[in-house]
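Remarks on the structure that follows.
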Amino acid sequence: MSKTHQIATKGVRAGQARTEFQEHSEALFLTSSFVFKNARQAAARFAGEDQGMVYTRYTNPTVGMFQERLAALEGGESCVGTASGMSAILTTALVHLRSGDHLVCSNAVFGATIQLFNNILSRFGIETTYVSPTKVEEWERAVRPNTKLFFLETPSNPLTEVSDIAALSRVAKKAKALLAVDNVFCTPALQRPLELGADLVIHSATKYLDGQGRVIAGAVVGPKALVGEPMTAFLRTAGPTLSPFNAWVVLKGMETLELRMLAQSAAALELARWLEAHPAVARVFYPGLESHPQHALAKRQQRAGGSVVSFEVKGGRTAAWHVIDSTRLLSVTANLGDVKTTIIHPASTTHGRISPQARAAAGISDGMIRVAVGLEAVSDLEDDLERGLS
Ligand SMILES: Cc1ncc(COP(=O)(O)O)c(C=O)c1O
């Protein structure tokens, strides 16, 4: 696959490896192990002298196709598939950090990421400092001699704050730390962090890469020296490998990635504008709106705003729950990245375990609702929300 091919082409074609049967659609290799011709070949494979397949915890042709396709989309040299988005973050941390290291993390990342850093990595002597996703100077001030990793998610969840990847990559380089960007909300169809200076891109492929809410999967993309070589060795030994079935589902999902991301972003912008004009709505958070504090940066860094729109209704939690409970079409679920629109009340669910004070400091009010826009007609989504808003 040529590097000059467009995203649409790479999404459909990159990584395909046909078998002797010349199947048109990518094959699913549901096998835990591979057969050797003889004892000599088995020994050579185990010694790494022969590059063929051994065991699916190490390598699998379907997982290989998934990895190549995602690497091509992100513009990265290599990619490893992992069992989930969380295991992609864990793999990144365990491969690139050791006891005594320090990491700087945006304070607006996925809740389980914060728990992983605070409750698990801390037990192995790795310390985390949390800083604002939008204030570059806070990242500069947080750097210590032992800082090895910067970690962020942009746009953030649920406030859709946008971090300046290029500016933070300059700070990370000066500190000799790696910059890892969780690209779940935008996907490579809208944003390519490696081109902006990030060292590693992390995915929960569970979300938009699959696009239809079917499987749990994850990935890390970046240079061979940071991803392909050390992470493949880690996965082979530690085992949070991506299952071939899940890899195949996401591989096929990526064929429609660009179409979905552009259509869902256009629908999200339309819905965000409608919400912004609604008298029952106090505030709308969407990077594609001119009123968004980082709108100019988002326009530079992203091809479109993405599908997540958060908004604050007047009347606090009672009013927010009323809007959610009045919907008949939208799915009340914590997941996002699906072609079916989802709705959730962050303060009592995804962000319910943080103290009310911390939530308020983070700007997640009791009246806030997060919608991840799918592919239904926007007028139908508006009608569904209007029932509870009016
Ligand atoms: C931004 C982000 N990163 C990582 C994850 C974790 O991914 P997974 O659920 O696939 O482990 C999620 C899950 O919601 C997420 O939203």
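Both ligands and their constituent atoms are indexed starting at 1 by order of listing.
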Answer yes or no: are there more than 12 heavy-atom neighbours, outside Tyr55 itself, under 6.0 Å from its atom OH?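 Atom OH in Tyr55 is not packed in, count stays at 12 or less.
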Applying a 4.0 Å heavy-atom criterion (strictly less than), which segment of Met86 is in contact with ligand 1: side chain, backbone, both, or neither?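 Both of them.
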Which of the numbered atoms in ligand 1 are below 4.0 angstrom from a heavy atom of [X]?
X: Gly85; result: 7 (O), 8 (P), 10 (O), 11 (O)
X: Glu153; result: 1 (C)
X: Ser84; result: 10 (O), 11 (O)
X: Thr206; result: 8 (P), 10 (O)

Among all protein heavy atoms, pick the one closest to [atom] and tell me residue, atom and distance.
atom: atom 4 (C) of ligand 1; result: Asp182 OD2, 3.5 Å
atom: atom 7 (O) of ligand 1; result: Ser204 OG, 3.0 Å
atom: atom 16 (O) of ligand 1; result: Phe110 CD1, 3.8 Å

Can you say whether the rings of Trp248 and Phe245 are parallel (under 30°), tilted (30 to 60°) or perpendicular (over 60°)?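 Ring orientation of Trp248 relative to Phe245: tilted.
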Would you call the rings of His345 and Trp321 parallel, tilted or perpendicular, taking 30° and 60° as the class edges?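 Answer is perpendicular, since the angle exceeds 60°.
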Can you tell me if [X] contacts ligand 1 (heavy atom of the residue under 4.0 Å from the ligand)?
X: Asn157; value: no
X: Ala217; value: yes
X: Lys207; value: yes

Can you tell me if Thr9 and Arg13 form a side-chain donor-acceptor pair at under 3.5 Å?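 There is no such pair between these side chains.
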Have Lys252 and Ser25 got a donor and an acceptor in their side chains that come within less than 3.5 Å?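 There is such a pair between these side chains.
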So do Leu149 and His96 actually touch side chain to side chain, heavy atoms under 4.5 Å?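 A side-chain contact is absent here, since even the closest heavy-atom pair is not under 4.5 Å.
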With a 4.5 Å heavy-atom cut-off, do Ile114 and Phe117 have their side chains touching?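 They are not in contact (no side-chain heavy atoms under 4.5 Å apart), so the answer is no.
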So that I can tick it off, tell me whether Glu290 and Arg273 are bridged by a salt bridge, with the cut-off set at under 4.0 angstrom between side-chain N and carboxylate O.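 So Arg273 pairs with Glu290 through a salt bridge.
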